[in-house]
Each structure stands twice: as structure tokens, then as C-alpha cells.
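Only this structure's heavy atoms are used, side chains among them; waters, hydrogens and symmetry mates stay out. We count ligands from 1, going down the list as the structure has it; atoms in each ligand are counted the same way. Numbers here are sequence positions counted from 1. What you see is a predicted model, and the numbers here were worked out from it, not measured in a lab.
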Amino acid sequence: MAASLRLFTVLGPAQKFQFRIFTKLVRPLSSGSNQYDYDLIVIGGGSGGLACSKEAAQLGRRVAVLDYVDPSPQGTVWGLGGTCVNVGCIPKKLMHHASLLGEAVKGAAKYGWDVPQETKHSWEVLVGGVQNHLRSLNWGHRVALKDKSVDYLNAYGTFVDAHTIKATTRSGKETILTADRFVIATGMRPKYPQMEGAREYAHSSDDLFSLQKPPGKTLVVGASYVALECAGFLTGLGYDVTVMMRSIPLRGFDQQMAELVIDNMVSHGTRVLRGCVPQQILKQASGELAVTWQRQTGGPGSAVDADDSDEFSTVLLAIGREPCTKSLNLDVAGVKMNESTGFIVGSEEESERTSVPNIYAIGDVLQDRPELTPVAIKAGKLLARRLYDGATEHMDYVNVPTTVFTPLEYGCVGLSEENAVQLHGEDNVEVYHAFYKPLEYIIPERNHQQCYIKMVCSRQDEKILGLHFLGPHAGEVIQGFGFAVKCGATRGQLTSVVGIHPTCAEEVIKMHVTKRSGEDATVTGC
Ligand code: FAD
Ligand code: NDP
């Protein structure tokens with residue numbers, strides 16, 4: 001394969017065309033029978049679906065991938081590549097970066113740069129740049145499918161039976177296709193509450209990254225990944241932002257870390273309303289949105305000036321996502337899903353196998369799996385290798401590192417402190433921690449109060465159960481440490497590594513104060 005790829009790169013365009021035809025003709029015979037149009041049809045051309053379809057095609061199978069985007073209630077649609085590329089990780093990270101640049105510019109004067117007192121940001125320029133990049137990614141995905149001889153259909157797939165689907169294009173043209181096997185990789189879409197005005201006037205993350213006019217004063221409903229990341233970069237870009245949280249921030253994450261994330265956002269100017277749930281959105285004659293909400297609890301940390309209504313220019317609903325399974329006609333194929341949530345339940349023996357032997361599911365649609373791009377991609381590739389290359393490796397969903405890209409990034413891998421205590425008992429868990437000051441923060445006098453690291457260890461053998469890092473470039477930091485945790489490293493092994501000075505990551509290796517000791521965890525000196 002490598003040799004043929006090398007040959008391919010030195011061929012001219014006409015020869016490349018002939019080479020593709022030739023490789024199509026000499027593709028190994030599939031294990032699936034030719035009674036079907038394809039060996040494999042993948043429904044959903046997002047992170048998981050693209051990875052799986054390309055891998056299967058590379059292994060010589062006849063593969064098709066269907067991708068279709070239902071317009072959001074506000075009418076937003078996008079190209080090939082799924083959530084991450086179009087309305088998730090990529091535009092989010094770019095906007096997060098734009099917001100961090102603003103912070104850096106503010107501090108630049110203290111480093112000697114001659115920066116105007118008032119800096120201005122253009123939402124239109126940012127959206128233009130982001131959307132241009134996304135269009136190039138859409139195109140890149142189409143080319144990659146073509147290069148790998150995967151047939152791409154911009155059509156909505158619904159099952160007719162366990163070996164047949166109907167593909168419907170936007171214009172309503174229907175095609176019946178058969179396959180030996182199917183992979184469901186249809187991902188998730190934002191949820192909307194049963195609330196007056198929600199679908200009519202509110203936006204979701206599906207709309208935000210292509211919003212044509214600046215969002216202005218924004219209410220963000222929800223307090224998890226999507227809500228906090230979007231609220232964080234919108235605040236950083238200079239907008240007046242309120243987060244409406246109904247219970248706790250970042251459910252499922254270490255709550256001490258989550259509260260520090262919130263503290264940091266508040267210190268940057270994000271307003272947080274706790275214990276509140278929106279009731280109604282009405283459009284005013286001025287075009288502004290009047291939102292009414294109910295305060296469910298008071299409690300510490302509630303904004304003191306919280307009314308039960310206010311006007312906003314934009315309401316961003318980030319109250320979770322639901323799997324795109326309900327219109328797939330899974331019942332006619334016999335695929336079982338969790339009826340109340342719509343998630344597909346994987347089998348005990350093989351997480352990605354559904355209740356029907358020739359139908360598989362990967363990525364966000366799978367129940368109880370991390371909803372992350374690298375997870376969907378890896379699961380898709382491994383599945384294709386098991387199906388078509390005799391491989392035996394299964395996706396390991398344990399100790400998947402992740403990062404929340406809030407203004408101060410929060411990266412983690414493994415158990416939260418509370419989960420570790422729940423699983424192992426308080427006496428068996430040792431927590432090392434440190435409050436540190438990034439060197440770069442000193443000259444511009446930036447707030448470092450929330451720069452914090454926590455390592456959760458087994459008290460018996462010091463095996464690292466969880467690592468939590470709040471600080472600049474947390475994603476870059478935690479990726480490497482994720483390797484150590486995945487390999488079952490102990491704190492001793494980690495501290496045997498020599499740090500890289502001066503970095504924030506070295507603080508992980510230097511940590512020596514336990515919570516149990518009650519000693520001051522502030523890092524002083526080198
Ligand atoms: P998707 O990428 O959602 O792809 C599914 C595709 O199938 C879509 O194109 C959909 O339109 C299509 N489809 C659905 N039904 C049909 C049908 N019947 N027929 C044909 N096509 C269909 N993850 C990270 O790892 N890092 C991040 O920083 C990150 N940031 C995120 C930020 C936001 C705002 C959001 C919303 C998500 C973010 N994620 C992030 C999560 C990540 O985007 C998802 O986990 C990932 O995209 C899941 O991949 P998937 O293949 O399962 O589904
Ligand atoms: P989540 O399901 O994680 O969070 C939903 C949030 O909305 C919670 O705070 C929840 O509160 C709140 N909520 C739910 N229903 C209501 C309601 N009716 N009214 C008010 N608030 C409500 O969803 P997200 O969309 O944030 O994230 C989905 C997934 O996307 C994540 O699990 C993650 O895997 C992925 N993602 C990854 C990112 C990354 O890697 N950086 C970034 C963004 C998304 P409560 O806690 O009370 O239920």
C-alpha cells in the first residue's frame with residue numbers, strides 16, 4: 001500500500017485517473033457478497049463516519065457514506081464533515097483563540113508593545129475567516145473520500161430493512177441502496193426546551209459560528225462544555241454575557257475544578273445566574289429578546305442582581321444534545337435503542353455492535369461513551385480494521401483525556417476527586433495539589449488565582465487515578481500526561497521525570513503537598 005501511494009504521488013493527472021480505475025479493478029474481493037451494492041454503507045459523514053468509511057475503503061471494500069444536515073430551527077446548514085468540523089471543535093477553538101488574543105493584546109503593553117488603549121474586535125471578520133477555513137475543510141473531506149474511492153451521497157439515510165436503506169436528497173430524490181453491513185454514525189444535535197420562543201428566537205451552537213451579525217448582549221442557557229466554552233469566548237470578544245445555570249457547572253467533572261472555572265469566568269466579566277431556568281422568550285418590537293426565568297434555588301454564588309426577566313440580543317441554548325436516531329427507522333432494521341434517550345446501546349462483547357449483527361454504531365450515538373471527536377475517529381478506524389482486516393483491537397473508552405476550552409482551559413484525564421473517593425473510599429485516596437502562577441502572567445499582572453492542579457492517587461501504591469489541570473494550554477499539557485495515566489503510571493514514576501523549566505506543565509511533576517496535610521499548596525519559587 002505504501003509503495004502504491006508513493007507511486008501515486010509521482011504520477012501526472014491523467015495517469016492518476018488511470019491508476020484509480022486500475023486500483024478499483026484490482027481491489028481485493030470483499031468478504032461481503034456481491035448480492036449487495038456495497039460491502040459497507042456508513043450513515044453520517046462526521047468524525048466517526050469519515051474515519052470508518054475511509055479505513056474500510058483502504059482495506060479494499062466497496063464503501064459509501066451518506067451525509068445530510070437537517071437545517072437548524074434558525075435555518076443554518078453546513079457541508080461535509082459533521083459537528084466537529086462545522087459547528088463544534090474547529091470553529092469553537094478558533095473563536096476561543098480569537099478571545100485569548102484579545103487578552104494577550106491587553107497584556108502586551110506591559111511587555112513594551114505600543115498598543116492603542118481601546119482595541120476593537122470585528123465579529124464579521126472573525127466569522128468570515130472561520131467560515132472560509134471550514135469551507136476548505138468541507139472540500140478536503142470530499143477530496144479525501146474521492147481519493148479513497150468512497151462513494152459520497154449528500155442524502156438522508158433511513159433503514160428499509162437490515163440490509164437496505166433509502167437515501168433521500170434535499171430535492172426529494174430517493175435511491176434504494178443495499179449493503180452487507182452498516183455503520184450508524186449520525187451524531188447528535190442540540191436539544192430545545194419546551195418553552196415559548198425557544199425554536200423561533202433562540203440560537204444554538206449550530207448557528208453561533210456563522211452568525212452574520214455580532215451577537216451583542218447574550219444569554220447562554222446551560223452550564224456544561226458547550227455553554228461555558230461559548231460564554232467564555234463571547235465574553236473575551238467583548239460581549240456582555242450571562243450564563244444561566246440550573247444546577248451545577250460541568251456535571252460529571254471534578255466539582256472543585258468546575259467551580260474554579262466559573263470563578264475565573266466571573267473574574268473575566270461573565271455574569272452567572274445560578275439555580276435559574278428560562279420560562280419564555282418573547283421578541284420585542286425593538287428586535288431584542290425578552291427572557292423570563294424562574295429561580296429554583298438561591299444559595300451561595302447567586303448573582304445578587306438577578307431579576308426574573310431581562311432583555312438580550314441573542315439567546316444561546318446549550319442545554320445538551322440528543323442523538324440523531326429517531327428518524328432512522330431503526331425499528332424496521334431491528335436495531336434497539338434506549339427509547340427514552342434515543343442512544344444506541346452497544347453489545348456487551350463489542351461496544352460498537354448493535355442488536356442486529358450486521359449493523360454497528362460509533363461516535364456520539366452510542367450510549368454512555370465520551371462524546372468526543374478523537375473517540376469517534378478511533379472507534380471508527382478500529383471497527384473497520386476488525387471487520388475487514390482480521391484485527392482484534394477494541395476501542396478502550398477508559399481514561400480518555402479531554403479539555404474544556406474556557407478562557408482558563410481545564411484539561412483532565414481519569415477520575416474526579418469525588419468519583420475516586422466514591423469508588424475507593426476516602427482513606428484510600430491521596431490528593432496532591434498546587435496553586436501556581438504562570439510566569440507569563442507576572443508582568444501583565446494577570447489573575448492567576450484559579451491556576452490549579454490536582455492529582456488524585458491511590459493511597460496504597462500511588463497509582464494516578466485522575467489528573468486535573470487548570471491553566472493556559474491545558475489541552476497541550478494534559479495530552480502528554482494522559483499517556484502516563486493510560487499506562488497506569490504512579491506518582492513516583494511521574495516525579496522521576498525532570499521538568500521542563502519554565503513551564504506550567506512542570507508544576508504537575510513538582511506537586512508534593514497533599515490535601516490531607518492541610519499545608520499551603522501555593523507554589524513559591526522555582
Ligand atoms: P458527527 O460529527 O455529529 O457527524 C454525524 C453526521 O451525520 C452529521 O453530519 C449529521 O448531519 C449526519 N447525519 C445525521 N443523521 C443522518 C442521516 N440519517 N443520514 C445522513 N446523514 C446523517 N469534541 C472534541 O473532541 N473536542 C472539542 O473541542 C469539541 N468541541 C465541541 C464543541 C461543540 C460546540 C460541540 C457541539 C461539540 C464539540 N465536540 C468536541 C464534540 C464532537 O464534535 C463530537 O463528539 C463529534 O463530532 C462526534 O462525531 P460523530 O461522527 O459521532 O458525529
Ligand atoms: P451537556 O449534556 O454536557 O450539558 C447540558 C447542560 O445544560 C447542563 O449544564 C445541564 O444542566 C443544562 N440543562 C439541561 N437541560 C436544561 C434545561 N431544560 N434548562 C436549563 N438548563 C438545562 O451538553 P453539552 O451540549 O454542553 O455537551 C455535549 C457533549 O459535547 C459533551 O458531553 C462533550 O462530550 C461534547 N463537547 C466536547 C467539547 C470539548 O471536548 N471541549 C466541547 C463541547 C462539547 P444539569 O447539569 O442541571 O443537567
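- In summary, the atoms of ligand 1 found under 4.0 Å from a heavy atom of V69, numbered by their order in the structure, are 11 (O).
- Ligand-side atoms of ligand 1 in range of A376: 49 (O), range being under 4.0 angstrom from any heavy atom.
- Residue R189 places every heavy atom at 4.0 Å or more from ligand 1.
- In this structure, the protein non-hydrogen atom closest to atom 42 (C) of ligand 1 is T373 OG1, 3.5 Å.
- Taking every non-hydrogen atom of F405 and a distance limit under 4.0 Å, the qualifying atoms of ligand 2 come out as 41 (N).
- Of the candidates T83, L80, N154, D364, it is D364 that places a heavy atom closest to atom 48 (C) of ligand 1.
- Protein heavy atom at the shortest distance from atom 26 (N) of ligand 1 is C89 SG, 3.7 Å.
- Among E409, E371, K191, the residue whose heavy atom lies nearest to atom 29 (C) of ligand 2 is E371.
- Counting only heavy atoms of the protein, atom 51 (O) of ligand 1 lies nearest to G48 N, 2.8 Å.
- Among I319, V375, T406, the residue whose heavy atom lies nearest to atom 20 (C) of ligand 2 is I319.
- A cation-pi geometry, defined here as NZ or CZ lying under 6.0 Å from the six-membered ring centre and within 45° of its normal, holds between R199 and Y192.
- Not a single heavy atom of T403 sits less than 4.0 Å from an atom of ligand 1.
- For a threshold of 3.5 Å applied to N or O pairs, the pair formed by P278 and ligand 2 contains no separation below that value.
- Checking side-chain atoms of T235 against main-chain N and O of A231 turns up a donor-acceptor pair under 3.5 Å.
- In this structure, C230 falls outside the shell of residues with a heavy atom less than 4.0 angstrom from ligand 1.
- Where the criterion is an N or O separation shorter than 3.5 Å, residue side chain and backbone included, A223 meets it with respect to ligand 2.
- In R321, the part holding a heavy atom less than 4.0 Å from any atom of ligand 1 is the side chain.
- For ligand 2, the atoms closer than 4.0 angstrom to any heavy atom of E229 are 39 (C), 41 (N), 42 (C), 43 (C).
- Of the polar atoms of R321, none of the N or O atoms is found under 3.5 Å from an N or O of ligand 2, judged by distance alone.
- With a heavy-atom cut-off of 4.0 Å, L250 does not touch ligand 2 at all.
- Of the charged side-chain nitrogens involved, none lies within less than 4.0 Å of a carboxylate oxygen, so that K381 and E55 do not count as a salt-bridged pair.
- For atom 18 (N) of ligand 1, the closest non-hydrogen atom on the protein side is G157 O, 3.0 Å.
- No cation-pi contact links R61 to Y38, judged by a cut-off of 6.0 Å to the six-membered ring centre and 45° from its axis.
- Of all protein heavy atoms, the one closest to atom 35 (C) of ligand 1 is G88 CA, 3.8 Å.
- Counting only heavy atoms of the protein, atom 9 (O) of ligand 1 lies nearest to D67 OD1, 2.7 Å.
- Which of Y225, Y68, W78 comes nearest to atom 11 (O) of ligand 1 through a heavy atom is settled by distance: it is Y68.
- A side-chain donor-acceptor contact under 3.5 Å links Q212 to the backbone of S210.
- Salt-bridge formation is detected for the pair K454/D254: a Lys NZ or Arg NE/NH1/NH2 atom is positioned less than 4.0 Å from an Asp or Glu carboxylate oxygen.
- Using modelled atom types and a 3.5 Å distance limit, the side chains of E409 and H96 yield a donor-acceptor pair.
- Close approach of ligand 2 to S247 (heavy-atom distance below 4.0 Å) involves ligand atoms 45 (P), 46 (O), 47 (O).
- Listed by number with element, the atoms of ligand 2 under 4.0 angstrom from any heavy atom of K92 are 41 (N), 42 (C).
- When the options G222, P190, G88 are ranked by their closest heavy atom to atom 12 (C) of ligand 2, first place goes to G222.
- Atom NZ of K166 has 12 or fewer heavy atoms from other residues, nucleotides or ligands within 6.0 Å.
- In this structure, atom 53 (O) of ligand 1 lies nearest to the protein heavy atom G187 CA, 3.3 Å.
- Using a 4.0 Å heavy-atom cutoff, A318 is listed among the residues neighbouring ligand 2.
- Of the listed residues (W293, Y225, Y410), the one carrying the non-hydrogen atom nearest atom 31 (C) of ligand 2 is Y225.
- Closest to atom 5 (C) of ligand 1, if we only count protein heavy atoms, is A185 O, 3.3 Å.
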